[in-house]
**Student:** 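Take a look at the following structure, please.
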Amino acid sequence: MSVGSRRRAALTRAELLREMGLARPWRLREQRPAAGTVLTPSADEVVECHRPAGLDPPPAADRRAEIAALDWPQLRQSVADCRACGLCRERRQAVLGVGDVNADWLFIGEGPGAEEDARGEPFVGPAGKLLDAMLAAIDLRRGDDVYIANAVKCRPPGNRTPEAGEMAACAPYLNRQIALIQPRLIVLLGRAAANSVLGEVGSLASLRGRSLTYRGALPGGPEIPVVVTYHPAYLLRTMLDKAKAWEDLCRARALWRAVRAAPPPG
Ligand code: URA
């Protein structure tokens, strides 16, 4: 156990949440599954990964196939050089992602903001600080069994929400990251990330708490459980929903434990 984990283990829930700056809003109790319960996505709730409708224009099949064959250094270079959508015009740099490339946990946000664009790392601004606190609350740490990426790799001007076409242009990169990392669990932060990974499947409220599965863009790809929760930037503005996000994190942790304990497929 790391020093950080030992210290966190020694803290009470209230102390931990206070450390996150979230003592009052994060007040729900963790709902532990009954002993012996195995959480698996129910078949009727599986949502396949697909691209959002109405894209303009769809990424060429050969571009997708090319990206699907890249290794990490090639992927980094390809993202740095990418000109597939208009976001490349105003970026300082593309932001691929950060963390453990063999992580069990993959967190996906929307797109880089000003600080991320300047530093080349996702979630380093105020929303990133909250994300780090959320990770710590479930005993995770950036870079340690956790990888953090975004639906789009270049900053949308004025930090606007990325458009469907921009997310579609970037989707082959995100799909390649997922295929390389092979996480055991994907946590989608906010509606843009949910739309990018799952397609246009409903409001954030309708996706929270559901058993969802990412299926790779290519046949035979991995099937990975997905948890959808609020984006940290939204939580910074909307204190009341932190309790719901805490619920989602507890669910994600229970799901990860169940997936890890399950025998390998086959
Ligand atoms: N918001 C995001 O969605 N991603 C970042 O990297 C930073 C803020």
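We number each residue from 1, following the sequence as shown.
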**Student:** Mark yes or no for whether Arg64, through its side chain, and Ala171, through its backbone, hold a donor-acceptor pair below 3.5 Å.
**Tutor:**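 Looks like no, no N/O pair under 3.5 Å.
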
**Student:** In Å, rounded to the nearest 0.5 Å, how long is the span from CG of Leu130 to NZ of Lys242?
**Tutor:**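 Leu130 atom CG to Lys242 atom NZ measures 6.0 Å (nearest 0.5 Å).
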
**Student:** Any heavy-atom pair between the side chains of Thr161 and Arg191 that's under 4.5 Å?
**Tutor:**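 Sidechains of Thr161 and Arg191: no contact.
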
**Student:** Any side-chain heavy atom of Leu185 within less than 4.5 Å of one from Val259?
**Tutor:**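 No; the side chains remain at least 4.5 Å from each other.
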
**Student:** Evaluate the side-chain proximity of Pro232 to Lys129: yes if any heavy-atom separation is below 4.5 Å, no if none is.
**Tutor:**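 No, every pair of side-chain atoms sits at 4.5 Å or beyond.
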
**Student:** Taking all non-hydrogen atoms of both residues into account, name the closest pair between Ala137 and Trp246 and its distance.
**Tutor:**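 The answer is CB-CZ3, 3.5 Å.
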
**Student:** Do Leu70 and Val95 sit in one hydrophobic cluster, given that two such residues count as connected whenever their side-chain heavy atoms are within less than 4.5 Å of each other, even indirectly?
**Tutor:**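 No, Leu70 does not connect to Val95 through the hydrophobic network.
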
**Student:** Hey, what do you get for CD1 (Ile186) to CG (Leu212), rounding to the nearest 0.5 Å?
**Tutor:**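 Those atoms lie 10.5 Å apart.
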
**Student:** Answer whether the closest heavy-atom distance between the side chains of Val228 and Leu198 falls below 4.5 Å.
**Tutor:**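 Yes, their side chains come closer than 4.5 Å.
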
**Student:** For the pair Arg63 (side chain) and Ala169 (backbone), establish whether a donor and an acceptor sit closer than 3.5 Å, ignoring hydrogens and angles.
**Tutor:**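 Yes: the side chain of Arg63 pairs with the backbone of Ala169.
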
**Student:** To the nearest 0.5 Å, what is the distance between SG (Cys85) and CE (Met167)?
**Tutor:**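 Answer rounded to 0.5 Å: 11.0 Å.
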
**Student:** For the residue pair Cys170 and Ala151, what are the closest heavy atoms and their distance?
**Tutor:**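 Between these two residues, the closest heavy atoms are CB-O, 3.3 Å.
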
**Student:** Please check if the side chain of Glu116 supplies one atom and the backbone of Gly111 the other of a donor-acceptor pair under 3.5 Å.
**Tutor:**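 Absent.
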
**Student:** Apply ring-ring contact (aromatic ring centres under 6.0 Å, His included) to Phe123 and list each qualifying residue two or more places apart in sequence or on a separate chain.
**Tutor:**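 Phe123 satisfies ring-ring contact (aromatic ring centres under 6.0 Å, His included) with His231 once adjacent residues are dropped.
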
**Student:** Where do Pro183 and Ile224 come nearest, in terms of heavy atoms and distance?
**Tutor:**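 Result for this residue pair: O-CG2, 3.5 Å.
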
**Student:** Any donor-acceptor pair under 3.5 Å linking the side chain of Asp145 with the backbone of Asp104?
**Tutor:**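 Yes, Asp145 side chain to Asp104 backbone: donor-acceptor pair under 3.5 Å.
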
**Student:** Would you confirm whether Asp117, through its side chain, and Pro112, through its main-chain N or O, come within 3.5 Å as a donor-acceptor pair?
**Tutor:**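 A pair under 3.5 Å: no.
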
**Student:** Has Arg89 got more than 12 heavy atoms of other residues, nucleotides or ligands less than 6.0 Å from its CZ?
**Tutor:**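 At most 12 heavy atoms, drawn from other residues, nucleotides or ligands, come within 6.0 Å of this atom.
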
**Student:** Measuring from atom OG of Ser78 to atom CZ of Arg176, what distance do you get when rounded to the nearest 0.5 angstrom?
**Tutor:**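 Result: 11.5 Å between the selected atoms.
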
**Student:** For a quick test of reading the model, state the closest non-hydrogen atom pair linking Leu204 to Gly190 and the distance between them.
**Tutor:**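 Looking at all heavy atoms of both residues, the closest pair is CD1-C, 3.5 Å.
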
**Student:** Can you give me the closest heavy-atom contact between Ala252 and Val187, atom names plus distance?
**Tutor:**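 In this case the closest contact between Ala252 and Val187 is CB-CG2, 4.4 Å.
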
**Student:** Output yes when a side-chain donor or acceptor of Arg91 lies under 3.5 Å from a complementary backbone atom of Ala80, and no otherwise.
**Tutor:**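 Such a contact is found between Arg91 side chain and Ala80 backbone.
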
**Student:** Side-chain contact, heavy-atom cut-off 4.5 Å: Arg208 with Glu247?
**Tutor:**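 Side-chain contact under 4.5 Å: yes.
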
**Student:** For Asn175 and Tyr214, does a side-chain donor sit closer than 3.5 Å to a side-chain acceptor?
**Tutor:**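 Result is yes, a qualifying pair exists.
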
**Student:** Using a 4.5 Å cut-off on heavy atoms from C-beta on, say whether the side chain of Val101 contacts that of Leu180.
**Tutor:**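 Sidechains of Val101 and Leu180: no contact.
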
**Student:** Hey, any chance Val227 and Leu189 share a hydrophobic cluster, counting ILVMFWY side chains that come within less than 4.5 Å of each other, even indirectly?
**Tutor:**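 They do share one cluster, since a chain of ILVMFWY contacts under 4.5 Å joins Val227 to Leu189.
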
**Student:** Are Val124 and Leu96 connected into the same hydrophobic cluster when the rule is that any two of I, L, V, M, F, W, Y join if their side-chain heavy atoms are below 4.5 Å apart?
**Tutor:**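 Unlinked, Leu96 and Val124 end up in two clusters.
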
**Student:** I'd like to know if the side chain of Asn150 reaches the main chain of Lys153, judged simply by a donor and an acceptor atom lying under 3.5 Å from each other, with no hydrogens or angles considered.
**Tutor:**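 No: the side chain of Asn150 does not pair with the backbone of Lys153.
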
**Student:** At what distance, to the nearest 0.5 angstrom, does CG of Leu255 lie from CG of Asp248?
**Tutor:**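 One gets 11.5 Å once the value is rounded to the nearest 0.5 Å.
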
**Student:** Which value, rounded to the nearest 0.5 Å, describes the distance between Leu87 atom CG and Glu166 atom CD?
**Tutor:**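 These two atoms lie 4.0 Å from each other.
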
**Student:** Heavy atoms only: give me the nearest Val226-Thr213 pair and the separation to one decimal.
**Tutor:**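 It is CG2-C, 4.1 Å.
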
**Student:** Tell me which pairs pass ring-ring contact (aromatic ring centres under 6.0 Å, His included) where either residue lies in residues 60-106, with sequence neighbours left out.
**Tutor:**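 Output for this query lists Trp72-Tyr147, Trp105-Phe107, Trp105-Trp256.
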
**Student:** Can a donor-acceptor pair be found, under 3.5 Å and without considering hydrogens, that links the side chain of Gln93 to the backbone of Ala118?
**Tutor:**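 Judged by distance alone, yes, a pair lies under 3.5 Å.
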
**Student:** Does the Gln74 side chain pair with the main chain of Asp71, one donor and one acceptor, at a distance under 3.5 Å?
**Tutor:**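 Yes, the answer is positive, given that a donor and an acceptor are paired below the 3.5 Å cut-off.
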
**Student:** Are Leu75 and Ile67 side-chain neighbours, meaning at least one heavy-atom pair lies under 4.5 Å?
**Tutor:**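 SC-SC contact between Leu75 and Ile67 confirmed.
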
